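Working notes, structure below.
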Number of protein chains: 2
Amino acid sequence: MKPTHMRHSEDCRAVSEILSRVGDKWTVLVVDYLGQGSMRFTELKRAVGGISQKMLTTTLRGLERDGFVTRTVFPTIPPRVDYELTDLGRELLAPVQALGAWARTNISRVNAARERFDKEQQ
Amino acid sequence: MKPTHMRHSEDCRAVSEILSRVGDKWTVLVVDYLGQGSMRFTELKRAVGGISQKMLTTTLRGLERDGFVTRTVFPTIPPRVDYELTDLGRELLAPVQALGAWARTNISRVNAARERFDKEQQ
DNA sequence: CGGGATCCTTGAAGATACTG
DNA sequence: CAGTATCTTCAAGGATCCCG
């Protein structure tokens with residue numbers, strides 16, 4: 001579309017795109033649970049907790065589209081659908097969990113900063 | 001505190017919270033540019049490109065609140081405001097850039113998966 | 001059981017105008 | 001220059017009903 005602005009900016013937008021995908025409300029939770037192994041729809045819904053079936057469907061479709069998850073349908077009655085991380089999904093898990101580790105160890109510092117900021121603002 | 005699988009959900013929500021903060025539309029871009037050093041408002045606005053002044057203000061306020069950037073006002077005319085990463089901000093930069101590196105090296109696989117998925121769906 | 005199709009409510013984000 | 005103040009748009013997310 002437009003002339004190549006800066007490669008810097010371009011790269012960052014790719015990063016932002018991945019981060020938006022991963023950073024949405026439910027994706028990390030779902031991916032993390034699937035990191036333990038294959039799960040079916042309702043199982044996942046119970047595990048995550050608080051997610052609507054619509055959002056779980058949307059989240060899983062997005063993950064499937066991006067190649068992070070496989071969807072396997074068993075044409076039985078009642079139907080059964082299994083979700084599982086792909087290789088790409090498992091590879092993604094590593095840097096995400098690194099960020100997760102950072103978040104866990106530093107969440108208290110963030111919360112402290114927030115309280116300080118909010119207090120100064122009255 | 002508890003068995004590892006018991007703090008699972010709790011931790012993930014903390015992770016999700018950080019990821020939502022970091023994964024919003026502009027935060028990563030802004031943090032990344034600030035990773036190069038202190039910058040002032042308009043300078044940052046030009047660098048990021050496409051961001052409205054409102055969103056830049058909102059993004060910077062959020063980062064300041066969470067303790068990731070400092071805001072320094074010079075009471076001159078015209079006014080001058082510098083933004084700079086804090087230690088916490090620079091520490092965050094590491095795992096974020098790790099995820100960024102993953103995104104850059106794998107974005108093509110993601111895009112390929114998307115094309116495949118979209119084609120199958122017609 | 002695993003969704004699809006709708007409707008509805010928010011809040012995020014953009015555009016524009018004004019100001020110390 | 002570095003914001004604030006409004007107004008508007010738009011899509012994420014939730015609630016509900018239906019169906020093979």
Side-chain angles (χ1 to χ4, degrees), chain A residues 2 12-13 16-31 33-34 38-66 69-84 117 120-122, chain B residues 12-13 16-31 33-34 38-66 69-84 117-118 120-122:
Chain A
K2 278 304 128 190
C12 283
R13 289 183 200 285
S16 279
E17 200 188 338
I18 297 286
L19 281 175
S20 317
R21 167 107 282 287
V22 159
D24 79 350
K25 198 169 179 182
W26 302 108
T27 294
V28 170
L29 286 166
V30 169
V31 168
Y33 279 108
L34 287 177
S38 168
M39 281 179 129
R40 47 193 301 191
F41 188 87
T42 307
E43 198 178 354
L44 209 39
K45 187 171 187 310
R46 258 188 296 105
V48 173
I51 191 173
S52 64
Q53 41 67 357
K54 175 189 168 183
M55 285 318 298
L56 183 54
T57 300
T58 304
T59 300
L60 287 168
R61 283 288 180 284
L63 287 170
E64 190 194 356
R65 176 169 185 262
D66 288 354
V69 158
T70 56
R71 177 172 181 270
T72 311
V73 180
F74 300 92
T76 57
I77 298 176
R80 171 194 178 122
V81 181
D82 279 11
Y83 292 92
E84 191 172 12
F117 183 89
E120 281 169 12
Q121 240 61 9
Q122 279 98 340
Chain B
C12 282
R13 290 186 198 283
S16 281
E17 200 188 337
I18 298 286
L19 280 175
S20 316
R21 168 108 282 288
V22 160
D24 79 350
K25 197 169 181 183
W26 301 108
T27 294
V28 170
L29 286 166
V30 170
V31 168
Y33 279 107
L34 287 178
S38 169
M39 282 179 126
R40 47 194 299 193
F41 189 86
T42 306
E43 197 177 355
L44 208 40
K45 187 172 187 308
R46 260 203 334 268
V48 172
I51 191 173
S52 64
Q53 81 317 44
K54 176 191 166 182
M55 284 318 297
L56 182 53
T57 300
T58 304
T59 301
L60 287 168
R61 284 284 182 286
L63 287 170
E64 190 194 356
R65 176 169 186 261
D66 288 355
V69 308
T70 55
R71 179 172 179 271
T72 311
V73 181
F74 299 91
T76 58
I77 296 176
R80 171 196 178 120
V81 181
D82 279 10
Y83 291 93
E84 190 172 13
F117 184 88
D118 292 347
E120 282 169 9
Q121 241 60 9
Q122 280 99 346

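Model, not experiment: these values are computed from the prediction. In what follows, chains carry the letters A, B, and so on, assigned in the order in which the sequence lines appear, proteins first and then strands, with residues in each chain numbered from 1.
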Fill in the blank from the handout: Value for CG (A/Leu60) from CG (A/Leu34), rounded to nearest 0.5 Å, stands at 7.0 Å
Problem - Proximity to the side chain of A/Val81 - top-ranked nucleotide from C/dG14, D/dG3, C/dG3 - result: C/dG3
Completion exercise
Value for OH (A/Tyr83) from OG1 (A/Thr59), rounded to nearest 0.5 Å, stands at 10.5 Å
Fill in the blank from the handout: Rounded to the nearest 0.5 Å, the CZ atom of A/Arg65 sits from the CZ atom of A/Arg21 at a distance of 8.5 Å
Problem - Rounded distance (Å) that lies between atom P of D/dA2 and atom CE of B/Met39 - result: 12 Å
Exercise for the section: Please determine if a side-chain N or O atom of B/Tyr83 lies less than 4.0 Å away from the OP1 or OP2 oxygen of D/dC1. Expected result: no
Handout entry: Listed nucleotide nearest any side-chain atom of B/Thr57, set D/dC1, C/dG14, D/dT4
Key = D/dT4
Handout entry: Presence of B/Arg80 side-chain N/O under 4.0 Å of D/dG3 phosphate oxygens OP1/OP2
Key = no
Exercise for the section: Decide yes or no for A/Trp26 and A/Leu56: does some side-chain heavy atom of the first lie under 4.5 Å from some side-chain heavy atom of the second? Expected result: no
Problem - Side-chain-base donor-acceptor pair under 3.5 Å for A/Lys54 and D/dG14 - result: yes
Handout entry: Length of the CD-P vector between A/Gln53 and C/dC1, whole Å
Key = 13 Å
Fill in the blank from the handout: Out of C/dG3, C/dA13, D/dG14, minimum distance to the side chain of B/Asp24 belongs to C/dA13
Problem - Presence of B/Arg71 side-chain N/O under 4.0 Å of D/dA2 phosphate oxygens OP1/OP2 - result: no
Exercise for the section: Mind calculating the distance between NZ (B/Lys45) and P (C/dA13) to the nearest angstrom? Expected result: 16 Å
Problem - Between P of D/dG13 and CD1 of A/Ile51, the distance in whole Å - result: 9 Å
Problem - Spacing between B/Glu43 atom CD and D/dC1 atom P, to the nearest angstrom - result: 11 Å
Practice task
Can you tell me the distance, in whole Å, between the CD1 atom of B/Ile77 and the P atom of C/dG20?
Solution key: 12 Å
Exercise for the section: May I ask you to verify if any side-chain N or O of A/Lys25 is less than 4.0 angstrom from the OP1 or OP2 atom of D/dG14? Expected result: yes
Handout entry: Length of the line joining B/Glu64:CD and D/dA2:P, which is rounded to integer Å
Key = 15 Å
Handout entry: Minimum heavy-atom distance A/Arg40-A/Pro79, with the two atoms named
Key = NH2-O, 3.7 Å
Handout entry: Gap between atoms CZ and P, on B/Phe74 and D/dA2 respectively (whole Å)
Key = 11 Å
Practice task
Consider the side chain of A/Arg61, meaning its heavy atoms from C-beta on, and name the nucleotide among C/dC1, C/dG4, C/dG14 that approaches it most closely.
Solution key: C/dG4
